[in-house]
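One structure below.
Side chains included, hydrogens not; waters and symmetry mates left out as well; all remaining heavy atoms used.
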Amino acid sequence: MDERYWMPTRIDDPPMFLLWDMDLVIVFVLSLSMGIATGFFTLSIVLGFLLAWAFSRSKGGKHPHFLKHLAWWYLPIDLIVLRRSPPSGVRAFLG
């Protein structure tokens, strides 16, 4: 094999921040920002870690976009924007 060229082997991985998935970081940062806004900084750090841990446990072993699929199925169409998906209420596509 020619060593002059580098070929990516993990192109479909989700975006990461250091060692964590970006969605876990967003959960932690949202909790942290709420704690800063309310004045409970140390409590928000603990709560952020607990929420991120629970969130990672809930998505473990499932499809990487499981939560997006769940949101598409149960949330109103005005809350989520999916460009290539039909509304979840449509049951018959032909005829």
Side-chain angles (χ1 to χ4, degrees):
M1 177 175 236
D2 194 3
E3 297 295 326
R4 294 181 295 168
Y5 302 105
W6 176 77
M7 180 172 289
T9 57
R10 301 176 61 129
I11 198 163
D12 291 332
D13 284 350
M16 307 265 303
F17 177 76
L18 298 178
L19 298 175
W20 302 283
D21 290 340
M22 191 58 78
D23 52 358
L24 295 176
V25 172
I26 290 172
V27 168
F28 178 74
V29 167
L30 285 176
S31 172
L32 190 64
S33 64
M34 292 299 290
I36 291 171
T38 59
F40 296 104
F41 183 69
T42 55
L43 180 65
S44 70
I45 290 175
V46 172
L47 186 64
F49 277 120
L50 289 175
L51 285 174
W53 175 78
F55 187 67
S56 69
R57 296 284 295 179
S58 70
K59 65 178 219 173
K62 294 181 177 71
H63 188 271
H65 297 287
F66 173 74
L67 294 174
K68 185 190 289 185
H69 297 169
L70 201 63
W72 174 81
W73 192 255
Y74 289 110
L75 292 178
I77 194 67
D78 299 335
L79 293 178
I80 57 173
V81 177
L82 299 174
R83 293 181 294 261
R84 295 183 289 182
S85 298
S88 64
V90 176
R91 299 291 187 242
F93 294 104
L94 298 175

### Query
Taking only residues two or more places apart in sequence or in another chain, which ones pass ring pair (Phe, Tyr, Trp, His ring centres under 6.0 Å) with F28?
F49
### Query
What residues, two or more places apart in sequence or in another chain, satisfy ring pair (Phe, Tyr, Trp, His ring centres under 6.0 Å) together with F40?
none
### Task
Group every Ile, Leu, Val, Met, Phe, Trp and Tyr by side-chain heavy-atom contacts under 4.5 Å, then state whether L50 and F55 land in the same group.
no
### Task
With sequence neighbours excluded, give me every salt bridge (charged side-chain N to carboxylate O under 4.0 Å, His left out) pair touching residues 31-56.
none
### Query
How far apart are the closest heavy atoms of M22 and M16, and which atoms are they?
CE-O, 4.0 Å
Side-chain polar contacts of residues 29-36 - donor-acceptor pairs under 3.5 angstrom, sequence neighbours left out - could you list them?
residue	atom	partner	partner atom	Å
S31	OG	S44	O	3.1
S31	OG	G48	N	3.2
S33	OG	V29	O	3.2
S33	OG	L30	O	2.9

#### Entry: In one Ile/Leu/Val/Met/Phe/Trp/Tyr side-chain cluster, 4.5 Å: L18, V27
no
### Query
Pairs in or reaching into residues 31-51: which pass salt bridge (charged side-chain N to carboxylate O under 4.0 Å, His left out), with residues at least two apart or in two chains?
none
### Message
Are L51 and L24 connected into the same hydrophobic cluster when the rule is that any two of I, L, V, M, F, W, Y join if their side-chain heavy atoms are below 4.5 Å apart?
### Response
yes
### Message
Strictly by salt bridge (charged side-chain N to carboxylate O under 4.0 Å, His left out), give each pair with a member in residues 23-47 just once, sequence neighbours left out.
### Response
D23-K59
